[in-house]
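Could you have a look at this structure, given as structure tokens, before my questions?
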Amino acid sequence: MAVSENRARIGVDVGGTFTDVILQTADGGVRIRKVLSTPPSYDRAVVEAVAGLTGDERVAGVVHGTTVATNAVLERRGALTALVTTAGFRDVLELRRLRIPHMYDPFWRKPDPLVPRRLRLELNERMTADGTELKPVDETDVRAVAAQLRAAGVESVAVCLLHSYRFPEHEQLVGRVLREELPGVTVSLSSEILREQREYERSATTVVNAYVRPLMGRYVADIRRGLDAAKVDAPLTIMQSSGGVMTSDDATRRPVLALESGPAAGVVAALWMATRLGFENAIAFDMGGTTAKASLIEAGAVSRSREYEVGGSLSSGSRLMRGSGELLRIPTIDIAEVGAGGGSIAWLDPAGGLQVGPRSAGAEPGPACYGRGGEEPTVTDANVHLGYIPTGALASGDLSVSVELAERSLESIAGPLMLSLTDTAAGVHAIANARMTRALRSVSSEKGRDPRDFVLIAYGGSGPVHALGLASDLGCRTVLVPALAGLFSSLGLLFARPEFHDVHSCHLDARTVDPAELSRIYEELEARVATPVERPERIRSADLRYGGQSWEVEVEFTGSLADVLDRFEDAHERLYGVRGEPGSPIEIRALRVAVLGPAAGSSNLLLADDVRQGGGARAATFDGETFDVPVRTRASIAEAPEPGPLLVDEYDTTVVVRPGWTVRRDAATQTLVLERL
């Protein structure tokens with residue numbers, strides 16, 4: 001689809017270390033800029049980069065993906081938040097679920113809740129599961145609670161009352177009174193955030209929304225003011241964790257939906273590229289400066305999840321790893337994330353063992369080799385010493401890479417380890433790979449998929465550096481490195497579609513329910529999802545489970561009810577390895593709709609020539625052996641396979657072609673295709 005009104009569109013992805021901006025003109029041409037992020041005022045880098053790219057270009061829209069909300073949860077720097085709930089449910093947030101991520105670790109402790117107990121207040125009201133009002137809300141009690149919260153100086157309030165997912169009247173009354181009594185304090189109602197059963201999941205999701213809402217509101221407002229000052233008056237939309245976009249106003253009201261917006265954009269771009277190259281099954285791998293992310297693309301579609309846990313040692317939607325972070329019940333692309341990126345710091349534990357991450361040097365001060373004051377060794381410093389990353393100007397020229405500074409930082413751990421700098425750097429690289437393999441296996445083998453049946457799509461500033469080592473560990477024989485790999489997530493923002501979701505919780509016998517009743521509920525849901533988009537696409541799905549189970553499997557609701565049940569049983573067997581006996585009872589626990597608008601960007605990208613000039617060679621170490629490796633540009637790579645070792649230096653990354661692999665260039669997409677010999 002052509003860009004609206006023949007105007008340009010801009011994608012902006014903010015990471016922990018770099019901010020990536022891509023401008024797509026009406027004819028498909030692109031302009032790019034990669035600059036250091038500016039924590040804690042991340043909006044400053046966004047506005048400066050956008051203003052530097054637009055010039056006289058008329059802009060139709062700015063699409064933004066950010067990890068600002070995620071980082072606020074990870075670093076515990078969100079708003080001072082309170083929870084108002086039904087009497088008797090004050091401790092749901094702390095009791096959590098019976099999930100222990102480290103079964104054999106007797107010293108493991110569950111994380112402290114985002115809301116301390118003193119700020120979890122109860123109301124003596126009660127609604128039954130069938131909507132009967134047992135105890136009405138007393139406004140006097142609500143105003144007394146508001147007085148307590150005012151005295152405590154809270155910045156945000158989450159309200160989660162029993163059964164409000166079906167009957168929100170009590171919650172709406174409480175919300176109205178709290179907003180009257182607490183001007184300037186944001187109030188998040190669970191009936192507006194998550195209309196689903198299960199008290200802990202609903203409470204936790206609403207609390208996270210409240211926790212990051214003031215921060216996200218200020219952040220979006222600052223970007224809007226900066227864009228207006230730069231005379232970029234285009235609408236600002238925010239990427240959701242589900243891969244769609246929402247308005248900036250909705251993002252400030254429900255920021256929990258955008259918690260994984262940056263990583264989701266990369267998966268959207270990976271799907272676009274895999275489709276163009278004819279690969280139906282792929283693992284998207286994104287390694288940036290702070291974290292590494294992985295997601296599965298199967299049968300030409302992204303893998304999705306309704307639950308996501310953020311803040312643990314492994315943030316993911318996997319049910320095999322639970323309890324170490326904050327559980328969110330939101331529509332999301334199934335992405336596993338670990339704290340291993342180019343800026344991850346290498347350190348020695350009390351026993352003298354080498355560790356990598358999750359602490360990162362970020363953008364300030366950044367890896368030691370950047371010369372911005374960092375002294376601790378990072379993965380990037382190790383890769384510079386190994387010869388994988390070139391010295392000199394990096395990205396837009398805002399910083400320069402120094403091998404001397406990288407080696408000086410590595411000496412701090414090489415001495416205690418009694419290893420050479422090269423062996424130390426190789427160890428840092430290998431341990432980072434081992435940490436990232438956890439994310440890759442979380443989305444593949446832990447879900448019953450054999451990674452050898454998938455190609456690996458590597459992007460992010462550090463992804464192409466580590467891709468082949470990870471592919472060898474997984475058994476993948478093909479790795480794809482797209483053009484603009486270091487800015488790939490910002491590219492994915494341009495392909496995102498407006499997206500809206502709603503859900504109806506229920507408890508129906510799938511084998512006896514009247515299909516007409518299901519159609520009626522779906523029609524009500526679709527009418528409730530008011531969408532400002534033209535020609536919307538509507539997708540129906542349902543959560544099903546065998547009778548007596550605690551967890552559901554979501555399947556698309558198309559065709560007859562019998563077809564839906566067959567798809568559920570197939571999905572259950574693929575996910576868990578078992579299938580119910582013929583005639584086993586099956587329950588429908590929720591009906592869902594997703595409404596998608598049309599894609600706004602053009603998929604016909606005209607890529608610029610290489611910015612960095614290749615040629616010559618540099619020393620690089622692979623498996624303990626040092627080679628004099630040719631340095632090339634992407635444009636110089638032939639369409640026929642060439643053997644490694646090779647280094648392909650680019651504006652935003654370096655593609656490391658290890659010995660035992662070949663590389664060729666796909667002329668249509670400029671993608672590098674690496675294959676194992």
Side-chain angles (χ1 to χ4, degrees), residues 242-243 260 263-287 292-305 316-320 332-337 436-460 463-464 466-483 485 488-489 491-492 495 539 541 553-556 558 567-568 570-577 603 641 655 661-666 668-677:
S242 62
E260 287 295 307
V267 181
V268 171
L271 174 62
W272 165 79
M273 193 193 76
T275 301
R276 290 197 65 181
L277 292 174
F279 291 101
E280 286 198 335
N281 298 325
I283 301 174
F285 168 64
D286 175 9
M287 182 182 177
K293 286 79 69 175
S295 186
L296 202 69
I297 296 171
E298 189 172 25
V302 298
S303 178
R304 298 186 179 275
S305 175
S316 78
S318 171
R319 288 177 180 163
L320 298 180
T332 180
I333 293 177
D334 191 0
I335 299 172
E337 183 173 6
M436 291 184 289
T437 300
R438 290 187 62 205
L440 292 163
R441 294 197 184 281
S442 173
V443 301
S444 56
S445 56
E446 289 182 9
K447 296 188 186 307
R449 279 36 168 207
D450 188 342
R452 294 174 295 183
D453 298 333
F454 294 76
V455 300
L456 185 68
I457 302 177
Y459 53 97
H466 290 257
L468 295 191
L470 294 168
S472 297
D473 292 341
L474 293 171
C476 298
R477 301 196 63 85
T478 302
V479 174
L480 308 177
V481 180
F488 202 53
S489 290
L491 180 66
F495 304 140
I539 300 174
S541 63
V553 176
E554 182 181 2
V555 295
E556 191 170 353
T558 56
R567 279 199 294 276
F568 160 70
D570 291 342
H572 190 281
E573 184 176 20
R574 185 172 64 249
L575 186 61
Y576 297 112
S603 60
V655 184
W661 289 76
T662 64
V663 59
R664 61 181 176 86
R665 178 173 55 88
D666 177 77
T669 63
Q670 300 301 307
T671 300
L672 296 184
V673 182
L674 294 83
E675 296 170 311
R676 193 167 8 165
L677 289 172

Nearest non-hydrogen partners of Thr275 and Leu271, listed with the distance: OG1-O, 2.8 Å
Residues 449-458, side-chain donor-acceptor partners within the protein, below 3.5 Å, at least two apart:
residue	atom	partner	partner atom	Å
Arg449	NE	Glu298	OE1	3.0
Arg449	NE	Glu298	OE2	3.2
Arg449	NH1	Lys447	O	2.5
Arg449	NH2	Glu298	OE1	3.0
Asp450	OD1	Arg452	N	3.0
Asp450	OD1	Arg452	NE	3.1
Asp450	OD2	Arg452	NE	3.2
Asp450	OD2	Arg452	NH2	2.8

For Thr437, enumerate each residue passing the side chain to side chain contact (heavy atoms under 4.5 Å, CB included) test, keeping only those at least two apart in sequence or located in another chain. Arg441, Leu470, Asp473, Leu474
For Val663, enumerate each residue passing the side chain to side chain contact (heavy atoms under 4.5 Å, CB included) test, keeping only those at least two apart in sequence or located in another chain. Ile637, Glu642, Leu646, Val657, Leu672, Leu674
Taking side chain to side chain donor-acceptor pair (under 3.5 Å) as the definition, give me every residue that meets it alongside Ser445, ordered by chain and number, with sequence neighbours left out. none
In terms of heavy-atom contacts, Ala270 and Tyr459 come closest through CB-CE2, 4.3 Å
Between Trp272 and Leu491, does the side-chain contact (heavy atoms from CB on, under 4.5 Å) criterion hold? Intermediate values first, please. CA-CA 10 Å; Trp272 165 79; Leu491 180 66; 4.2 Å; yes
Ala571: partners by side chain to side chain contact (heavy atoms under 4.5 Å, CB included), with sequence neighbours left out: Val553, Val555, Arg574
Return the minimal non-hydrogen interatomic distance between Val479 and Ala471, and the atom names on each side. CG2-CB, 3.6 Å
Correct closest heavy-atom pair for Ser541 and Glu554 would be OG-OE2, 2.7 Å
Hey, mind stepping through Phe488 and Met273 against side-chain contact (heavy atoms from CB on, under 4.5 Å) and telling me if it holds? CA-CA 10 Å; Phe488 202 53; Met273 193 193 76; 4.2 Å; yes
Would you please name every residue forming a ring-ring contact (aromatic ring centres under 6.0 Å, His included) with Phe285, sequence neighbours left out? none
Applying side chain to side chain donor-acceptor pair (under 3.5 Å), can you list everything that pairs with Arg665, at least two apart in sequence or on another chain? Gln670
Who pairs with Glu280 by salt bridge (charged side-chain N to carboxylate O under 4.0 Å, His left out), at least two apart in sequence or on another chain? none
Calculate, to the nearest 0.5 Å, the distance between atoms CD1 and NZ belonging to Ile335 and Lys293 respectively. 8.5 Å
I want to check something: taking the side chain as every heavy atom from C-beta on, are Val268 and Val302 in contact at a cut-off of under 4.5 Å? no
CA sep, side-chain torsions, deciding dist, call: Leu480, Phe279, side-chain contact (heavy atoms from CB on, under 4.5 Å): CA-CA 10 Å; Leu480 308 177; Phe279 291 101; 3.8 Å; yes
Could you pull out all residues at least two apart from Arg664 that satisfy salt bridge (charged side-chain N to carboxylate O under 4.0 Å, His left out)? Glu675
Check side chain to side chain donor-acceptor pair (under 3.5 Å) between Thr332 and all other residues, then give those that pass, not counting sequence neighbours. none
Exercise: identify the closest heavy-atom pair between Ser489 and Asp286: OG-OD2, 3.5 Å
Partners meeting side chain to side chain donor-acceptor pair (under 3.5 Å) with Arg477 (sequence neighbours left out): none
Check: Ala299 main-chain N/O paired with Asn281 side-chain donor or acceptor under 3.5 Å: yes
Minimum heavy-atom separation for Ile297 to Val267, with atom names? CD1-O, 4.3 Å
Counting distance only, does the side-chain N/O of Ser442 pair as donor-acceptor with the main-chain N or O of Arg438 below 3.5 Å? no
Would you say the side chain of Ile333 lies within less than 4.5 Å of the side chain of Ser242, judging by non-hydrogen atoms? no
With a 3.5 Å distance limit and no angle check, can you tell me whether Arg567 reaches the backbone of Glu556 through a side-chain donor-acceptor pair? yes
One pair to check against side-chain contact (heavy atoms from CB on, under 4.5 Å): Ile283 and Leu440. What are the steps and the verdict? CA-CA 8 Å; Ile283 301 174; Leu440 292 163; 3.6 Å; yes
